[in-house]
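Report on the structure given below.
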Amino acid sequence: MPKRAVALLSLALVFSLFLPASAQKKGKTRPLTTKQLMAGLVKPQLVAVQEGLKAGPKTDEDWAALATSAALLNESGYLMMDDHRCPDEIWKTACEELKTGSTTLAAAIEKRDAAAATEHVALVIKSCKTCHAEHKYKKKP
Ligand code: HEC
């Protein structure tokens, strides 16, 4: 291989190592993109929790639906770390916040404590902001 080609290849490799920090669009092997994960799972479940709590859960079905959404939000914190999707410490921290926030949320729902659940939703939303500030809104270099 000519020296020039080797130099170009190594340059491309170096850049590809830096790229994921600012644009984490997908894991390494699975088809699910981060955009699909957000639009298909994360956002709908957060909205379901917010609307369910706002409406005031009354029946067993209402509480069961809230529990499902909290558990799926929790699971999404693990999915976001899977398949080499995580590019840095900020991402990892945000996923920890999401896992902790949704665990306390699920516990409050389990106890049917709507006031506590509403407080814990704030922790979940904080996790979205932690990650988005760096990985969604920050201008790509
Ligand atoms: C660990 C990082 C991380 C966390 C935590 C996170 N997101 Fe995201 N989110 C992203 C990234 C990265 C994008 C941009 C994806 C793209 O456009 O390729 C995104 C995009 C989105 C989008 C836009 C999807 C679209 O169709 O363009 C929505 C909505 C969203 N996130 C909702 C949420 C909500 C709600 C939470 C919290 C419950 C959350 N996200 C938590 C990383 C995260």
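Counting starts at 1 for both ligands and their atoms, following the listed order. Basis for what follows: all heavy atoms, side chains included, without hydrogens, waters or symmetry-related copies.
- Looking at heavy atoms from C-beta onward, Leu66 lies out of side-chain contact with Leu105 at the 4.5 angstrom threshold.
- Within the 4.5 Å cutoff, side-chain heavy atoms of Met81 are placed close to those of Trp91.
- Here the protein heavy atom with the shortest distance to atom 25 (C) of ligand 1 is Lys35 CG, 3.5 Å.
- Each of the following atoms of ligand 1 lies closer than 4.0 Å to a heavy atom of Ala39: 26 (O).
- Contacts between Cys86 and ligand 1, counted as non-hydrogen atom pairs separated by less than 4.0 Å, are absent for every part of the residue.
- Set against the non-hydrogen atoms of Cys95, the atoms of ligand 1 under 4.0 Å away are 1 (C).
- Remark: Glu96 CD is packed, more than 12 non-hydrogen atoms of other residues, nucleotides or ligands lying under 6.0 Å away.
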Let me check something: any side-chain donor-acceptor pairs from residues 34-44 under 3.5 Å, sequence neighbours excluded? List them with distances.
unit_1 : atom_1 : unit_2 : atom_2 : d
Thr34  : OG1    : Gln24  : O      : 3.0
Thr34  : OG1    : Lys25  : O      : 3.2
Thr34  : OG1    : Arg85  : NH1    : 2.9
Gln36  : OE1    : Thr33  : N      : 2.9
Gln36  : OE1    : Thr33  : OG1    : 3.3

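- Tracing side-chain contacts under 4.5 Å through hydrophobic residues (I, L, V, M, F, W, Y), one never reaches Leu123 starting from Met80; they form parts of separate clusters.
- Here the side chains of Leu79 and Arg30 are in contact, with some heavy-atom distance below 4.5 Å.
- Listed by atom number, the atoms of ligand 1 under 4.0 Å from Ser127 heavy atoms are 5 (C).
- Annotation for ligand 1: atoms under 4.0 Å from non-hydrogen atoms of Met80 are 1 (C), 3 (C), 4 (C), 5 (C).
- Proximity of Arg112 to Asp60: side-chain heavy atoms (C-beta onward) are separated by under 4.5 Å at one or more points.
- Close approach of ligand 1 to Leu46 (heavy-atom distance below 4.0 Å) involves ligand atoms 35 (C).
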Check step by step if side chain to side chain contact (heavy atoms under 4.5 Å, CB included) holds for Lys99 and Asn74.
-> CA-CA 5 Å; Lys99 287 186 238 174; Asn74 183 255; 4.1 Å; yes
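- Of all the heavy atoms in Gly101 and Val124, the pair that sits closest is C-CG2, 3.7 Å.
- Around atom 8 (Fe) of ligand 1, the protein atoms of type N, O or S that sit closer than 2.8 Å are Met38 SD, His132 NE2.
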